[in-house]
Every structure is written in C-alpha cells, then in structure tokens.
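Chain identifiers are assigned alphabetically (A, B, ...) following the order of the sequence lines, protein sequences preceding nucleic acid strands; residue numbering begins at 1 within each chain.
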2 protein chains.
Amino acid sequence: MPKPTGPADTPGQQSETALRADAERNRERILEAARRLFGTEGLGVSMASVAREACVGKATLSRRFDTREDLIDAVFVDRMDDYAESAVEALADPDPWRGFTRHIERICAMQAADRGFAAVLTQAFPTAKVIEARRAKSYQDFQELIRRAKATGHLREDFVADDVIVMLMANAGVIAATGDAAPDAWRRLSGHMLRAFATPGAPLPPMPPPPTTRDLYRAMIRYGRPSPDTTGTAS
Amino acid sequence: MPKPTGPADTPGQQSETALRADAERNRERILEAARRLFGTEGLGVSMASVAREACVGKATLSRRFDTREDLIDAVFVDRMDDYAESAVEALADPDPWRGFTRHIERICAMQAADRGFAAVLTQAFPTAKVIEARRAKSYQDFQELIRRAKATGHLREDFVADDVIVMLMANAGVIAATGDAAPDAWRRLSGHMLRAFATPGAPLPPMPPPPTTRDLYRAMIRYGRPSPDTTGTAS
DNA sequence: TACTAAGTGGAACGGCCTTCCCGCTTACCG
DNA sequence: CGGTAAGCGGGAAGGCCGTTCCACTTAGTA
C-alpha cells in the first residue's frame, strides 16, 4: 500500500498521493501542451486537443485534472507568481509613480505574451485556490502602491484599484482582437491608459506608435475564429 | 410575376428575386430572432439556435442566408447607419472637440447596448458590403473630425483615427468580460480613454464612477461561458 | 377553382467534442 | 526477480453543430 505523505491537502486539485514516475512524466507533458495551447489559442481549447497535443489518451488527461479549471490552475501558477511579484517590485521602487507605471506596463505585457493568461487575469476561478491566492496578494500590494503613487501627486486622485481590472479586461480585448496580425497594438492602449491615470504634469514613458492601418485591418479580418475564452465551469 | 413589394433590395447577399409573402415574413422573423440572440449572446450563436428562436427550420435559415456573414450583414445594417450617422452629427457640432467627445461616448454606448454589434465594430467582414460601406464612410468623416478637433487644441496631436479602433476593441473586451454583472463598467473605460486623448486643459465630461468591487468580481466569475465572438468565416 | 413552382420542416449525415468504461501495460516494492 | 495495483490508451455512447436532401404544403396566378 503506497500510503505516503498526507492525503489531499494541497490546495486546488486532485488527490495528492504522489504519482508514479511515468504518471508524473505524463502530467508534465500535459502541462507543457496545455501551456502551449492556452498561450496561443486561449483558454477554451478543447480538452481533447490538449490530450492530442500531449500525446496522451483523453482519459489520462481527465484522470489527472478532472476539470478544466484544475488544469488552468496548475498551468498558470508560475505566471501568477510573476504577476504577484510585479507588484512587489513596484513597491520596492523608490519612486512610487515610476513603480506604478512600470507595473502597469509589465502586467499588460504579460497578457500580451500569453493569450490564456490574459483571460486568467480577467476571470475568477473560485476553485483554483493557487491562482486566487496570488491574485488577492497582488491586489493588496497594488492598493498600497496606489496610496504611495497618489502621494507623489502624479496619480489621479480618483483612480481606484478596480480600474486596473477594467484595464486588464480592455487590454485582453485588444489582444484577442489583434492577435499576431498587430502584435503591438496593446502597447498603444497601455500608453493611453497611463496618460488617463496620470495627473497633468506627471512624467511618462514615450507614447508607443499606433499600429499601422494595414495591420489593424488584417487583424479585423483575421479575427473571428476561435476566441472562446470559455472555461467550462466545474460541474 | 410577383410584384416588387419593397422587400428590401439590400445589396450584399442572396439572390434578389423578391420573395413570396410568407417567405418574406419568415425572413423577418429570422432577422428579429438573430437580432435578439446576437445582441445578448454575441455573434457566434449557433445557426441552429437562431432557427429555433425564429421558429423556422434550419433549412429555411440557410436557404435565406447561406453564410453567417450574410445574416450579420442584414441584421446590423440599421446599427451601422446609426454608427455612420454619429460621425456626421459630430461634424455638425459647432464645437469640434465636443463633437469628438460625444461621438466617442455614443459609439461606446452602442457597443454596450448590443454585444453582437460590439463585435461587428471590431471585425471586418469582407463579403458584407453594406456593413463595410458604412464603416468606411464613418472612418472618412472621423478623419475630418480629428483634424478639426486638433485645431481646437484639445485633442492630442499624436492621436490617429486607428486609435478609435483600438479603443473599440478595448471596449468590446470590457463589455464581453463584464456583461450584465457590471453593466456600466465600460463607461469608466470611455472616461479614461477621453482623458487619454485630451490635452491637459481640455473640457471633459465628468468621470464616471468605477464599478463596485463586488460587481466586478461577479463579472469575473460569471465570465467564462459562451463568448465565442466567432464568425464562422464564409467558406 | 385549379394548377404549379416557390417555399417549407424534418430526417439523415459527418464532424467535433466530452464522459465513461474496459482490457492491457508497466513501474515499483518486497 | 515476480506479483500487483496504478496507470494507460482507445473505443463506445451521447450531445450539439452545420449541411444537404426530399416529400409535403401553399401562395399566387390564370
């Protein structure tokens, strides 16, 4: 009877009875495949295609992660670490306003780099404990950052933490709509957003150039296919 | 020979041989059903569900509109008229900057009022002649509006027409993400965007309040289900 | 009124997805 | 080693979607 360490107390997903070596290897392959597909296609890719990409049976996938949300949780832990870390870094900056602007730019860039992650930042996954913990932590730190940034006089007084969530939703929209037809369009948005958040005299990074009309049009055409963003709520 | 009883000789789609009375009635029912479903669920609802909602057979639907794009074109003609009209109205305003701000607010509101239309404004449908004509017209007028608004000194010099497309994509993202859990979140975004576009002293409408944290969180949870935005490219 | 072609809905089909199940393989412990 | 249960893959069943075909209905005309 392999009855190793404590039973099921790791947050989030499945039983935690320590996998057999080959099983663990498969688990890893699934995570890699999912990371790849989520990144390029968005959350919402079929579980079947994840299994196919990982070269495992469909059964193996759902045995390891019985809901899509579990898979998402496992895939994006690292990214959420980076996300939470960004707020910490921002707080560490001696100039809170510079910390603020860089934080905004960093998290927008994180969204742009991974389409699935862009969605993760704008959705809540109640059962994904790990993700939600990181999100909460970042939110806390961000509140403090706001307080300090306002004290410099460069951040608008009416700015609130939830504005950043709205911004992330907006940015996700731009990223989903432009895809790789206009891969830098999001920079233009984040440039605008910083200008919206800043008070008149505040120092700002230079405004990124707009995407070319041609690229934007290509993006509008290309757009259309598979942007499900679906989560498949746990049953 | 059936007479040409104004059954809308809309360009673009199907044969235009004037439908029989009952067929025309069905066509209308399909359009109503599609308008309703596109508005609440987004483009991307299954053609089958449109047929069901319209109480016609699936065959009837695809006989009348052989591609989803045709249906979209027919459904959104009026909305696109309003859209193009908004730019005209803006040009008619003696104060170009006020015309500009109102135009921005109006088109964002149009997106918020109809989820399908929000998608239409950020996608191109090469085969949907009617829609594309209106879009082009609006774009032209908007260029002129920009020119005049810059002349007032209230619009940033580095603003370009394509910025409004990026903004529409962003707004569509917010609308898709918040749905009716936080139905006014988009106003906050448009408020930010106007502040981003304006030069320091420019007169602006008051900043809309942010959505409540509670509503935003509900939106993040609720989000996830079926926001396909898909178009089903014509084959 | 009677005829005919335009118009109809449902059945059938192929594709893709998910979930469940079952017989085979193999890692690991003794 | 060798036995055993953990782990595996794929097939079956069931659900939706979109398309196509076909026998029936009915609007409009003569």
Distances for protein N/O vs nucleotides 11-17 of chain C N/O pairs under 3.5 angstrom?
{"from": "C:dC17", "atom 1": "OP1", "to": "A:Ser46", "atom 2": "OG", "distance (Å)": "3.4"}
{"from": "C:dC17", "atom 1": "OP2", "to": "A:Arg52", "atom 2": "NH2", "distance (Å)": "3.1"}

Taking only N/O atoms, report every protein-nucleotides 5-8 of chain C pair under 3.5 Å with atom names and distance.
{"from": "C:dA6", "atom 1": "N3", "to": "B:Arg20", "atom 2": "NH1", "distance (Å)": "2.8"}
{"from": "C:dG7", "atom 1": "OP1", "to": "B:Arg20", "atom 2": "N", "distance (Å)": "3.1"}
{"from": "C:dT8", "atom 1": "OP1", "to": "B:Asn26", "atom 2": "ND2", "distance (Å)": "2.5"}
{"from": "C:dT8", "atom 1": "OP2", "to": "B:Arg63", "atom 2": "NH1", "distance (Å)": "3.2"}
{"from": "C:dT8", "atom 1": "OP2", "to": "B:Arg64", "atom 2": "NH2", "distance (Å)": "2.9"}

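By the salt bridge (Lys or Arg N to Asp or Glu O under 4.0 Å) test, B:Arg79 is found to be paired with B:Asp114, residues two or more places apart in sequence or in another chain being considered.
Using a 3.5 Å distance cut-off with no hydrogens or angles, the side chains of A:Ser190 and A:Glu105 do not pair a donor with an acceptor. Between the side chains of A:Thr213 and B:Asp162, at least one donor N or O sits under 3.5 Å from an acceptor N or O.
Two residues are said to be in side-chain contact when any heavy atoms from C-beta on lie closer than 4.5 Å; B:Val77 and B:Arg134 meet this criterion.
Residue B:Phe65 contributes atom CZ, which lies 17 Å from atom C1' of D:dT19 at whole-angstrom precision. If you take CD1 of B:Ile30 and P of D:dG18, they are 14 Å apart, rounded to a whole angstrom. Atom-to-atom, CD of B:Glu41 to C1' of D:dC17 comes out at 16 Å; the value is rounded to the nearest Å. Atom pair B:Leu61:CG and D:dT19:P shows a separation of 9 Å (rounding to whole Å applied). Nucleotide D:dT19 holds its P atom 12 Å from the CG atom of B:Leu71, rounded to whole Å.
Classification of the A:Phe142-A:His103 ring pair by plane angle, with boundaries at 30° and 60°, yields tilted.
A salt bridge is defined here as a Lys NZ or Arg NE, NH1 or NH2 lying under 4.0 Å from an Asp or Glu carboxylate O, and A:Glu132 with A:Arg135 meets this definition. In summary, A:Lys129 and A:Asp73 do not engage in a salt bridge, as defined by a charged side-chain N under 4.0 Å from a carboxylate O. We find that A:Arg115 and A:Glu41 are not joined by a salt bridge, their nearest charged nitrogen and carboxylate oxygen being 4.0 Å or further apart.
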